[in-house]
Amino acid sequence: MSDIKRAFDQVKASEELKEQTESAVVSKMMFKHKRHRFSRMVTACICLVLVLGIGGWTYLTPTMAITIDTNPAIELGVNRFDRVVSISSDDDKIEEITKGLKIRNKKCQIAIDEILRCPIIEELEDSGQNVSFGVDCDKAQQRERVQECINECQKRFGQKQGQDNDKTQSSEHHGNGQGNGYHGGRTE
Amino acid sequence: MRSELQVSLAIEKYADLVKRICMLNLKNYADTEDIFQTVFLKYAMSSIDFENDSHEKAWFIRVAMNASRDLLKNFFRCKTVSIEEVLESSLPSYDSIDCKYKEVLEVVLNLPAKYRDVIYLHYYEGYTAPEIAKILKKNVNTIYTNLTRARKLLRDDLGGMMDE
């Protein structure tokens with residue numbers, strides 16, 4: 001058995017092999033380290049794109065429509081964070097004016113305040129035209145929250161609170177030239 | 001990932017061990033370089049905290065054996081070279097070995113793979129059967145059986161040399 005031990009003792013790694021291995025391993029380590037860093041950066045970028053994409057989609061998707069029926073109506077698209085993400089109107093002039101107000105991305109209460117302070121709306125009110133609000137939202141919590149905001153705005157402007165209407169009604173009103181989720185509220 | 005110094009120390013410490021395992025499994029000097037790089041690169045990239053030197057040594061044995069077997073699998077898939085030819089190609093690299101020991105080595109290398117490993121680990125590294133079973137992840141009784149059979153084969157081939 002000692003012969004087996006002595007025989008294996010004869011087998012030794014040469015210095016050349018050790019040096020070659022060391023230099024190869026070190027260079028591969030450096031390469032892997034760089035690749036690892038690159039892959040981490042790529043992963044971070046993908047995560048960032050995903051976060052921005054999903055976040056953007058979440059933010060920009062309207063979950064609720066607030067209609068300010070001023071004949072023609074102004075419709076505000078509101079996201080889940082109660083911020084205005086879109087403004088539209090059948091009347092080009094009103095649409096231009098509301099876009100000029102820069103209410104996009106503002107809280108819907110502030111947006112409604114600014115719209116109601118807008119001279120053209122004040123003129124409409126002065127001339128005895130009705131201004132009513134409509135809320136179309138599937139989420140009860142958000143609808144109640146926004147309804148409270150609208151009530152506050154109406155109080156400030158001495159207006160009556162509109163009452164909720166279901167979607168069927170709102171679409172009927174929309175067909176009549178009125179916005180989605182029409183409440184039937186009227187200015188005093 | 002380990003530092004260059006750690007890798008350098010490991011190469012210095014375990015190069016001979018890895019080389020012997022390569023020789024046992026591959027019988028080919030040319031592939032030894034590949035296995036060397038694979039084993040020490042695995043060591044460099046691993047983050048295992050070794051409990052002690054024997055744990056580290058066992059890790060190297062295990063990794064070197066697995067790497068050799070993986071290479072053999074690829075080797076047989078890509079090329080069809082007979083063992084005899086490989087042995088012939090390996091001989092020049094062992095020129096420095098005495099004739100007497102060369103004969104012993106050749107007898108050991110001609111044993112079936114499962115016997116070669118246990119013979120090396122038991123007679124050279126001094127591991128007991130339960131320790132070998134742990135390293136090779138095999139049943140202790142299998143190791144005892146393999147050792148007995150390997151001894152018998154060696155006795156048949158080496159004759160009197162085994163009794164020394």
Side-chain angles (χ1 to χ4, degrees), chain A residues 1-61 63 79-83 85 105 139, chain B residues 1-24 29 32-45 93-94 96-98 100-109 119-120 122-126 150-151 154 158 160-164:
Chain A
M1 293 305 156
S2 59
D3 274 344
I4 294 176
K5 193 163 170 49
R6 270 183 238 132
F8 276 115
D9 264 335
Q10 307 279 312
V11 182
K12 289 192 187 299
S14 64
E15 285 304 315
E16 190 192 349
L17 180 63
K18 287 182 194 175
E19 281 166 21
Q20 276 177 359
T21 306
E22 193 176 338
S23 60
V25 169
V26 168
S27 63
K28 281 186 182 176
M29 271 169 72
M30 300 295 268
F31 174 73
K32 285 207 173 188
H33 182 65
K34 278 181 191 168
R35 204 173 60 178
H36 185 63
R37 206 166 50 185
F38 177 73
S39 64
R40 272 196 305 193
M41 275 171 63
V42 169
T43 312
C45 287
I46 291 169
C47 287
L48 187 70
V49 168
L50 278 174
V51 166
L52 288 175
I54 295 168
W57 177 82
T58 309
Y59 186 84
L60 293 172
T61 305
T63 54
N79 67 11
R80 67 197 69 225
F81 309 110
D82 298 345
R83 288 186 182 269
V85 287
N105 300 320
K139 292 172 185 169
Chain B
M1 196 191 278
R2 291 174 207 276
S3 68
E4 285 179 37
L5 182 68
Q6 281 176 305
V7 173
S8 179
L9 287 173
I11 290 172
E12 201 55 51
K13 198 171 174 184
Y14 296 110
D16 293 342
L17 171 86
V18 175
K19 167 109 183 203
R20 284 178 203 120
I21 291 169
C22 289
M23 186 198 68
L24 272 178
Y29 181 79
T32 307
E33 264 183 60
D34 290 345
I35 298 301
F36 251 70
Q37 286 186 19
T38 309
V39 171
F40 288 106
L41 190 64
K42 272 189 183 170
Y43 173 77
M45 303 310 286
S93 62
Y94 299 116
S96 58
I97 301 172
D98 286 351
K100 184 187 171 188
Y101 300 125
K102 208 170 183 175
E103 193 188 334
V104 175
L105 274 179
E106 276 182 15
V107 169
V108 174
L109 293 179
I119 284 290
Y120 170 73
H122 183 69
Y123 288 112
Y124 188 77
E125 297 295 342
R151 257 191 226 121
L154 282 176
L158 294 172
M161 288 171 93
M162 276 289 289
D163 304 323
E164 286 171 23

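Order of the sequence lines sets the chain letters (A, B, ...), proteins ahead of strands, with each chain counted from 1. Since the model is a prediction, treat every value here as computed from it, not as a measurement. As a basis for the values below, the full set of heavy atoms in this structure was taken, side chains included, without hydrogen atoms, waters or symmetry mates.
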Q. Which pair of heavy atoms, one from A:Lys18 and one from B:Ala15, lies closest together, and at what distance?
A. CE-CB, 3.7 Å

Q. If you measure from NZ on A:Lys28 to CZ on B:Phe40, what distance do you get to the nearest 0.5 Å?
A. 13.5 Å

Q) Which pairs, with at least one residue in residues 2-39 of chain A and sequence neighbours excluded, count as a ring-ring contact (aromatic ring centres under 6.0 Å, His included)? A) A:Phe8-B:Tyr120, A:Phe8-B:Tyr124

Q: Supply the atom-to-atom distance B:Leu9 CG to A:Glu22 CD, rounded to the nearest 0.5 angstrom.
A: 9.0 Å

Q. Are the side chains of A:Thr21 and B:Val18 in touch, meaning some heavy atoms are under 4.5 Å apart?
A. no

Q: State the OG-CD distance between A:Ser23 and B:Gln37, to the nearest 0.5 angstrom.
A: 7.5 Å

**Q.** Residue pair A:Met29 / B:Leu41: nearest heavy atoms and the distance that separates them
**A.** N-CD1, 4.2 Å

Q: Of all the heavy-atom pairs spanning B:Lys19 and A:Ala13, show the shortest one and how long it is.
A: CD-CA, 3.9 Å

